S.K.: 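Would you mind keeping the following structure in view while I ask a few things?
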Amino acid sequence: MREFKRTDRVADQLQKELAVLIQREIKDPRLGMVTVSGVEVSRDLGYADIHVTLLGEQTPERIKENLQVLRRAAGFLRTQIGRRVKLRHVPELRFHYDESVVRGQHLSALIDEAVARDRSHRPEDEDSEGQDEGEGKD
């Protein structure tokens, strides 16, 4: 039994190549700092879902604009991948915004806030307990 499926190997290679191509070859000034966070390739290698994240401003308008730029450049990117990666058929590229990073940052901020609130309440409780014990010993 094989350890890695072919689709996984193709997805990894596409992710590496797309990261470089998007950064170096797409000259559209509307495109921000895009990171390819993951690639999923269909079993028949007919299409690839590319998940991207943005650094900096992440408003819905900015996300939509960046996805439009990437979708318009999909044909160019596919051609470049065909030259760099030896595949009989280069998958159709479908770009999606990956919200997991933003969601993770939000959850982390909520956890930090809860911990800070917990710490701010703890000294008050310990002080009142210490006073009660001290009062009973007198």
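Since we're looking at a predicted model, the values are computed, not measured.
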S.K.: Can you see which heavy atom on Gly82 is nearest to which on Val90, and at what distance?
M.R.: CA-CG2, 3.5 Å
S.K.: Might you confirm whether atom CD of Glu25 has over 12 heavy atoms from other residues, nucleotides or ligands at distances under 6.0 Å?
M.R.: yes
S.K.: Counting only N and O atoms by type, is there a donor-acceptor contact under 3.5 Å from the side chain of Lys27 to the main-chain atoms of Arg24?
M.R.: yes
S.K.: Take atom NE2 of His96 as the centre, draw a 6.0 Å sphere, and report whether it contains more than 12 heavy atoms from other residues, nucleotides or ligands.
M.R.: yes
S.K.: Using a strict threshold of under 4.0 Å (side-chain N to carboxylate O), is an ion pair present between Lys64 and Glu61?
M.R.: no
S.K.: Taking the side chain as every heavy atom from C-beta outward, state whether Val20 and Arg84 have any atom pair closer than 4.5 Å.
M.R.: yes
S.K.: So, using side chain to side chain donor-acceptor pair (under 3.5 Å) as the criterion, who are the partners of Glu99 when residues are at least two apart?
M.R.: none
S.K.: Asn66 versus Val52: any side-chain heavy-atom pair under 4.5 Å?
M.R.: no
S.K.: Of all heavy-atom pairs between Ala48 and Pro91, which one has the smallest distance, and what is that distance?
M.R.: N-CB, 3.8 Å
S.K.: Rounded to the nearest 0.5 Å, what separates atom NZ in Lys5 from atom CZ in Arg43?
M.R.: 7.0 Å
S.K.: Count I, L, V, M, F, W, Y as connected when their side-chain heavy atoms are under 4.5 Å apart, and connections chain through other members. Are Phe76 and Ile50 then in the same cluster?
M.R.: yes
S.K.: Is there a path of hydrophobic side-chain contacts, each under 4.5 Å between heavy atoms of I/L/V/M/F/W/Y residues, joining Leu77 to Leu87?
M.R.: yes
S.K.: Please round to the nearest 0.5 Å and tell me the distance separating atom CD of Glu92 and atom CG of Asp49.
M.R.: 9.0 Å
S.K.: Flag yes if Phe95 and Met33 sit in one hydrophobic cluster, no otherwise; membership is Ile, Leu, Val, Met, Phe, Trp, Tyr, and two members link when side-chain heavy atoms are under 4.5 Å apart.
M.R.: no
S.K.: So, Ser108 side chain and Gln105 main chain: donor-acceptor pair closer than 3.5 Å or not?
M.R.: no
S.K.: Taking C-beta and beyond as the side chain, do His89 and Asp44 meet within less than 4.5 Å on heavy atoms?
M.R.: no
S.K.: Should Tyr47 and Leu45 be counted in the same cluster of Ile, Leu, Val, Met, Phe, Trp and Tyr side chains packed under 4.5 Å apart?
M.R.: no
S.K.: Roughly how far, to the nearest 0.5 Å, is the CG atom of Leu18 from the CD atom of Gln23?
M.R.: 12.5 Å
S.K.: Rounded at 0.5 Å granularity, tell me how far CG in Leu14 sits from CG in Leu93.
M.R.: 7.0 Å
S.K.: With rounding to the nearest 0.5 angstrom, report the CZ to CG distance, Arg62 to Leu67.
M.R.: 11.0 Å
S.K.: Any non-hydrogen side-chain atom of Leu54 less than 4.5 Å from a side-chain atom of Ile63?
M.R.: yes
S.K.: Checking the side chain of Ser37 only, and the main-chain atoms of His51 only, is there a donor and an acceptor separated by less than 3.5 Å?
M.R.: yes
S.K.: Side-chain contact test, heavy atoms from C-beta onward, threshold under 4.5 Å: evaluate it for Ile26 versus Leu21 and give yes or no.
M.R.: no
S.K.: Under the side chain to side chain contact (heavy atoms under 4.5 Å, CB included) rule, what do Leu31 and Ile22 come out as? Steps first, then yes or no, please.
M.R.: CA-CA 9 Å; Leu31 190 64; Ile22 290 170; 3.9 Å; yes
